[in-house]
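Working notes for the structure below.
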There are 2 protein chains.
Amino acid sequence: MDKKTAVAQLGAIAQEARLDIFRLLVQAGTPGLAAGAISETLNIPNSTLSFHLKELSHAGLIAARQESRFIYYSADYAAMNGLLAYLTENCCAGDTACCPDSYCSPPQKG
Amino acid sequence: MDKKTAVAQLGAIAQEARLDIFRLLVQAGTPGLAAGAISETLNIPNSTLSFHLKELSHAGLIAARQESRFIYYSADYAAMNGLLAYLTENCCAGDTACCPDSYCSPPQKG
DNA sequence: ACTATATTTCCATAAATATAGAAATATTTC
DNA sequence: GAAATATTTCTATATTTATGGAAATATAGT
């Protein structure tokens with residue numbers, strides 16, 4: 001994981017609207033949701049939503065796929081897991097027991 | 001986990017210098033590091049470092065403890081794990097098998 | 001109380017980001 | 001090809017954030 005990438009991805013979700021969007025997609029699973037459905041669910045105007053979707057997409061946290069007139073957005077789970085692993089990498093100098101939950105991770109390549 | 005808190009915490013580490021600082025402290029373990037040691041290790045001017053430490057601290061991601069003339073900063077692992085759990089909460093509508101790694105989590109209270 | 005060390009606050013400047021209406025683009029159906 | 005639906009781009013404005021030098025504050029030893 002590249003540091004610039006991590007900063008971009010964290011910045012992408014460090015914003016209320018985008019955090020809502022991302023979590024909604026994380027919970028929606030691989031099929032994802034159409035832009036209109038997201039807009040309705042979260043009550044975000046189209047132009048604003050479009051701006052935020054582009055930010056998330058540009059950061060690599062979500063993917064878009066066109067299907068007829070709709071564009072479906074879905075969470076990129078591999079990217080999400082990569083980011084979480086980067087944050088917890090080599091936690092407590094490798095002593096994973098120091099973390100109460102299961103998030104500590106050994107060092108990653110890259 | 002409160003949404004505003006999550007945004008504040010993500011915003012705190014969505015910045016190169018602060019991400020470096022946070023990861024350094026995550027790896028340093030519970031004893032933490034003195035401000036001067038962080039400044040030297042990461043080559044960040046004192047005033048700039050102080051600003052960033054305050055941001056991280058205010059977001060609740062790190063804790064400070066005074067010891068003689070030094071102020072030791074350390075990662076708040078519970079906060080970190082809470083944030084990660086918030087991001088992955090109810091991943092894929094509860095089907096944790098959809099995530100390749102071990103980050104998916106069931107819904108949390110709050 | 002003087003000196004040295006550690007850290008923070010003050011300040012001004014520079015840069016990045018969020019918002020949403022209106023217009024534009026793309027796709028499907030008739 | 002016109003009408004309807006879905007989404008994006010353009011635009012302007014308002015707000016937030018990052019940087020580091022210089023001065024201020026705090027703690028410890030002599």
Side-chain angles (χ1 to χ4, degrees), chain A residues 3-25 28 31-76, chain B residues 3-25 28 31-76:
Chain A
K3 182 162 72 179
K4 306 270 187 193
T5 303
V7 168
Q9 292 182 342
L10 289 167
I13 49 177
Q15 204 275 346
E16 261 199 54
R18 289 198 296 266
L19 182 56
D20 282 341
I21 296 165
F22 182 68
R23 294 214 319 142
L24 182 64
L25 293 179
L33 294 171
I38 301 172
S39 168
E40 266 191 24
T41 304
L42 300 179
N43 264 293
I44 301 173
N46 284 342
S47 64
T48 302
L49 176 65
S50 187
F51 169 78
H52 289 313
L53 287 173
K54 201 166 68 172
E55 295 282 306
L56 286 167
S57 178
H58 187 252
L61 284 176
I62 67 175
R65 91 172 184 280
Q66 178 124 21
E67 200 164 297
S68 136
R69 269 180 299 191
F70 303 86
I71 298 183
Y72 284 85
Y73 287 91
S74 55
D76 185 325
Chain B
K3 182 162 73 179
K4 306 271 188 193
T5 303
V7 167
Q9 293 183 341
L10 290 167
I13 49 177
Q15 205 275 345
E16 261 200 53
R18 289 198 297 266
L19 183 56
D20 282 340
I21 296 165
F22 181 69
R23 295 213 319 142
L24 182 64
L25 292 179
L33 294 171
I38 301 172
S39 169
E40 266 191 24
T41 304
L42 300 179
N43 264 291
I44 301 174
N46 283 341
S47 64
T48 302
L49 177 65
S50 187
F51 168 78
H52 289 312
L53 286 173
K54 201 166 67 172
E55 293 283 307
L56 286 166
S57 179
H58 187 252
L61 284 175
I62 67 176
R65 89 170 185 281
Q66 179 125 18
E67 198 162 300
S68 137
R69 270 180 300 187
F70 303 86
I71 298 183
Y72 285 83
Y73 288 91
S74 56
D76 184 327

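Throughout, a chain's letter reflects where its sequence line sits, starting with A, and its residues are numbered from 1.
Enclosure of atom CD in A/Glu40 is not indicated, since only 12 or fewer non-hydrogen atoms of other residues, nucleotides or ligands lie within 6.0 angstrom.
One atom, CG of B/Asp20, and another, P of D/dA18, lie 14 Å apart when rounded to the nearest Å. Spacing between atom CD1 of B/Ile38 and atom P of C/dA6 amounts to 14 Å, rounded to whole angstrom units. The distance from atom CG of A/Asn43 to atom P of C/dA20 is 11 Å, rounded to the nearest whole Å. If you take CZ of B/Phe70 and C1' of C/dT8, they are 16 Å apart, rounded to a whole angstrom. The CG atom of B/Leu19 sits 13 Å away from the P atom of D/dA18 (whole-angstrom rounding). Taking atom CG of B/Leu56 as the reference point, atom C1' of D/dA18 lies 14 Å away to the nearest angstrom. In this structure, B/Ile13 atom CD1 and D/dT17 atom P are separated by 15 Å, rounded to whole Å. Rounded to whole angstrom, the span from the CD1 atom of B/Ile71 across to the P atom of D/dA28 amounts to 11 Å.
Checking the phosphate oxygens (OP1, OP2) of D/dA18, a side-chain nitrogen or oxygen of B/Arg18 falls inside 4.0 Å. For A/Tyr73 and D/dT8, the shortest distance from a side-chain N or O to OP1 or OP2 is below 4.0 Å. A sub-4.0 Å separation between OP1 or OP2 of D/dT16 and a side-chain N or O of B/Gln15 is absent.
Judged purely by atom type and a 3.5 angstrom limit, A/Ser39 has no side-chain atom pairing as donor or acceptor with the backbone of A/Pro45. Of the possible donor and acceptor atoms, none in the side chain of B/Glu67 sits under 3.5 Å from a partner among the backbone N and O of B/Arg69. A distance-only check finds a donor-acceptor pair linking the side chain of B/Thr41 to the backbone of B/Ala37 [under 3.5 Å]. In terms of modelled atom types and a separation under 3.5 Å, the side chain of B/Arg65 and the main chain of B/Tyr72 share no donor-acceptor contact. For B/Glu16 (side chain) and B/Arg18 (main-chain N/O), no donor-acceptor pair under 3.5 Å exists by modelled atom type.
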Quick test: give all pairs of protein nitrogen or oxygen and nucleotides 26-30 of chain C nitrogen or oxygen below 3.5 Å, distance rounded to 0.1 Å.
none

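Sorted by residue number, the members of residues 44-54 of chain A with any non-hydrogen atom under 4.0 Å from DNA chain C read A/Pro45, A/Ser47, A/Thr48, A/Phe51, A/His52.
Using Watson-Crick or G-U wobble geometry with both donor-acceptor distances under 3.5 Å, C/dC30 finds its partner in D/dG1.
B/Ala34 comes within 4.0 angstrom of sugar-phosphate atoms only, judged by non-hydrogen atoms across all strands, and of no base.
Considering all non-hydrogen atoms of both residues, B/Leu25 and B/Ile38 come closest at CD2-CD1, 4.1 Å. In this structure, B/Ile62 and B/Phe22 approach most closely via the heavy-atom pair CG2-CD1, 4.1 Å.
When the side-chain contact (heavy atoms from CB on, under 4.5 Å) test is applied to B/Ser47, no partner is found at least two apart in sequence or on another chain.
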